[in-house]
Amino acid sequence: MTAVLRKHNLCSLRSFLTPQHNLRLYPRILIASAYGLLHTAAEPQHSVEAAKKLVPCEHLEQNQAKPISLAQNHGEFVISVIKSITLKTQLAQVHAHILRTSLVQDPKVSLHFLTRVALSGPLQDTNYARYFFGQISYPSVYLYNTMIRAYSVSNSPEQGFYLYRDMRRRGFCIDPLSSSSAIKSCIKIQYLLGGVQVHGCILKDGHQSDSLLLTALMDIYSQCGKCDEACKVFDEMPQKDTVAWNVLISCYIRNNRTRDALNLFHVMQSGSYKCQPDDVTCLLLLQACAHLNALEFGERIHGYMLEHGYCASKLSNSLIYMYSRCGCLDKAYEVFIATTNKDVVSWTAMISGLAMNGYGRAAIEAFEEMQRMGIRPDDQTFTGVLSACSHSGLVDAGMAFFHRMSEEFGITPNVHHYGCVVDLLGRAGVLDQAYQLIMSMVVKPDSTIWRTLLGACRIHGHVSLGERIIEHLIELKAQEAGDYVLLLNMYSSASQWEKVAEVRKLMKEESIQTTPGCSTIELKGVVHEFVVDDTSHRRNKEIYQMLDEINAQLKIAGYVVELSSELHKLDDKEKQYVLAYHSEKLAIAFGVLATPPGTTLRVANNLRVCVDCHNFMKIFSWVYNRDLIVRDRNRVHHFRGGHCSCSDYW
DNA sequence: ATAGGGTTAG
């Protein structure tokens, strides 16, 4: 028997070692394998000697492939070989070897092998993993788990879910890891129904107290827009750790409940929970502050970060972003200067911040300074620079950057770049050139590009081009309420009421809804939210009284309601009434009511501020002698003494 | 024996 075994192994060994060039290329693995094979022979001492004869000694010393303990068996040895594999070709060799020796059916060996193929960085190859997995007659739970996990990170995650289901059908004992990987697969493809099924399984398996599983579940509900479900899972968690809180916060941010997200910062630290926010919490909350223009809250987070020594560059860059979006460039710059090792992201954050606030030339200077510091701009840096040019009306400079980008830096323009340039030309009134540029794009123009030009048509009252653009959008099946609103704007500016009625009818038929305007204002770290005609605030009555008073004051100072901002076909008196209660005005009125004279007011709006509100704000800043900082979708407007930082509207 | 959850910095 031993003789047969020895003969068999030595044969394998010979076949394994035959090609000389392989020995040169992969000495370590071959030597190791040689040892491994020989160790299974009946007389190990002899085997080692034999191996030394087969494999030149210098290789042995060079690669420190010392003979391992004789007590270890072949399988363990092969595992150590598997662990040392660094190349795909070696992987194939070992694969062939374990097939030949039937080691492939050894659960430990196959698990190690699959792990390397399925999950380990450079060797990762899902197809190979699938092929290998298919060769196992009786896969263990671990092998299944590893395979599901492999699928979940591959580009066919649905397979992970199917395998999980298959595993359950076959009656395997499911452990939390299986379900966790299955959820990951579902998250990747936003497969809510799959997530719900796994949720049911988790309850059936009795894993409903596993925090890690429950956070994964929250995440899938969150990513599929099921905020309430995510909250329910959170509420039922026996132990809520920081990660769970972070998932809840990111869920709120993702699902437009930014204000609730901010509130959690205090709730999580409160008496009953006593959970410490970590660096991820800070990062998420800074994003929320940036959304809401909540400077004071952002400063509070900043203070908390300093207190706890959270100063990773990711957080610095988030701070720069938050301060810029809140219109607080001094602070953004302060953080930027204090950031050691400024990388391309830090520079881009600063450049975009300057651009957003209307400091086009400063943004360009920063761009040049960045290059002097030897930091190479990337595509996003150019998005910042180009938007700086478009916001500041620097047409020639913008076009020059656009050309340099591809010629000098080899960056192919993407939709954002084209968007900026179309915006640049559009604002400058060169609409036809902008149209030509879009038509000449190598990549198919997307709806955003068309929408940008549509916005320019609205500014310049170019109705016929606007109609053509709507057709392009319809062709892309991408028309949104906002597009029709712009078209409506154009028609109503041109008093084409029949067309207005036509478009309204179309919108109603296709049940296209307009996004309601919503403004927020932060006072003492508390964010107050208003929608148009909002009457839900507890100081509602006072707010409307104050707004009426402000309107009266501004009229004395020469403010005239810009009626073209209202789309409805109403008589002028009715229009005035509707325009008077736009959400940004309500927020400003509340600000006046609740702060001492002279306090800067900061308002954020989810849409673009309309022409009438823009005029209102200018005159307000002068009559009430207050600085007013208003952030809409992508710009920060600074109002002071009757002027706006943006010289013209938009 | 697998080694599991949150950040997608601009």
Side-chain angles (χ1 to χ4, degrees), chain A residues 75-76 79 82-83 106-116 118-120 139-150 152-153 175-185 187 207 210-220 222-223 230 233-234 237 239-254 277-288 290 310 312-322 324-325 332 335-336 339 342-356 363 366 370 375 377-385 387 416:
Chain A
E76 279 175 31
I79 288 171
I82 292 171
K83 283 182 178 165
D106 177 319
K108 279 192 198 173
V109 172
S110 55
L111 182 57
H112 272 101
F113 191 87
L114 186 68
T115 307
R116 288 312 300 270
L119 304 169
S120 95
S140 64
V141 171
Y142 303 127
L143 216 62
Y144 264 103
N145 287 352
T146 307
M147 196 60 224
I148 295 172
R149 197 163 132 68
S152 76
V153 297
D175 66 10
L177 211 61
S178 328
S179 305
S180 162
S181 302
I183 297 173
K184 272 200 133 179
S185 302
I187 288 178
H207 294 149
D210 190 312
S211 305
L212 274 73
L213 264 185
L214 295 181
T215 20
L217 266 182
M218 281 174 66
D219 204 28
I220 187 163
S222 154
Q223 297 207 27
V233 175
F234 180 80
M237 276 175 82
Q239 277 146 348
K240 307 177 201 323
D241 61 9
T242 304
V243 177
W245 284 99
N246 289 347
V247 178
L248 188 64
I249 291 171
S250 80
C251 172
Y252 281 162
I253 293 176
R254 204 190 295 270
D278 65 4
D279 50 342
V280 175
T281 320
C282 293
L283 193 98
L284 291 168
L285 290 174
L286 286 177
Q287 284 179 15
Y310 298 144
S313 70
K314 268 193 188 183
L315 285 171
S316 288
N317 296 335
S318 298
L319 277 173
I320 298 170
Y321 177 70
M322 184 277 290
S324 319
R325 269 188 85 90
V335 176
F336 175 73
T339 306
K342 292 185 246 315
D343 60 6
V344 62
V345 181
S346 327
W347 281 98
T348 305
M350 196 65 238
I351 290 169
S352 309
L354 289 164
M356 200 185 297
M370 164 188 178
I375 309 285
D378 66 9
D379 53 341
Q380 293 201 55
T381 319
F382 274 101
T383 307
V385 173
S387 78
H416 301 289

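The sequence lines fix the lettering, A, B, ..., with proteins before strands; numbering per chain opens at 1. Since this is a predicted model, take the numbers as computed values, not measurements.
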Exercise for the section: With sequence neighbours excluded, tell me which residues meet side chain to side chain donor-acceptor pair (under 3.5 Å) with A:S178. Expected result: A:N145, A:D175
Handout entry: Donor-acceptor pair, side chain of A:K184 and main chain of A:V153, under 3.5 angstrom
Key = no
Handout entry: Partners passing side chain to side chain donor-acceptor pair (under 3.5 Å) against A:D219 (at least two apart in sequence or in another chain)
Key = A:Q223
Practice task
Classify the nucleic acid contact of A:V344 as base, sugar-phosphate or nothing, counting any heavy atom under 4.0 Å across all strands shown.
Solution key: base
Practice task
Using a heavy-atom cut-off of under 4.0 Å over every strand shown, decide if A:S313 touches base, sugar-phosphate, or nothing.
Solution key: base
Practice task
For A:T381, report the nucleic acid contact type (base, sugar-phosphate, nothing); a contact means any heavy atom under 4.0 Å.
Solution key: base
Practice task
Look only at the side chain of A:S352 and the backbone of A:T348, and say whether a donor-acceptor pair between them is shorter than 3.5 Å.
Solution key: yes
Exercise for the section: Identify whether any heavy atom of A:V247 sits under 4.0 Å from a base atom; if not, whether one sits that close to sugar-phosphate; answer base, sugar-phosphate or nothing. Expected result: sugar-phosphate
Handout entry: Sugar-phosphate, base or nothing in reach of A:L217, heavy atoms under 4.0 Å
Key = nothing
Practice task
Mind checking A:D219 for me? I need base, sugar-phosphate or nothing, with any heavy atom below 4.0 Å counting as a touch.
Solution key: sugar-phosphate
Problem - Separation between OG of A:S346 and CG of A:L319, rounded to the nearest 0.5 Å - result: 11.5 Å
Problem - First-last contacting nucleotides on DNA chain B - partner chain A, under 4.0 angstrom, heavy atom - result: B:dA1 to B:dG10
Practice task
Report yes or no: does A:R149 contribute a side-chain atom to a donor-acceptor pair with the main-chain N or O of A:L119 at less than 3.5 Å?
Solution key: no
Exercise for the section: Would you mind classifying the nucleic acid contact of A:D279 as base, sugar-phosphate or nothing, using non-hydrogen atoms under 4.0 angstrom? Expected result: nothing
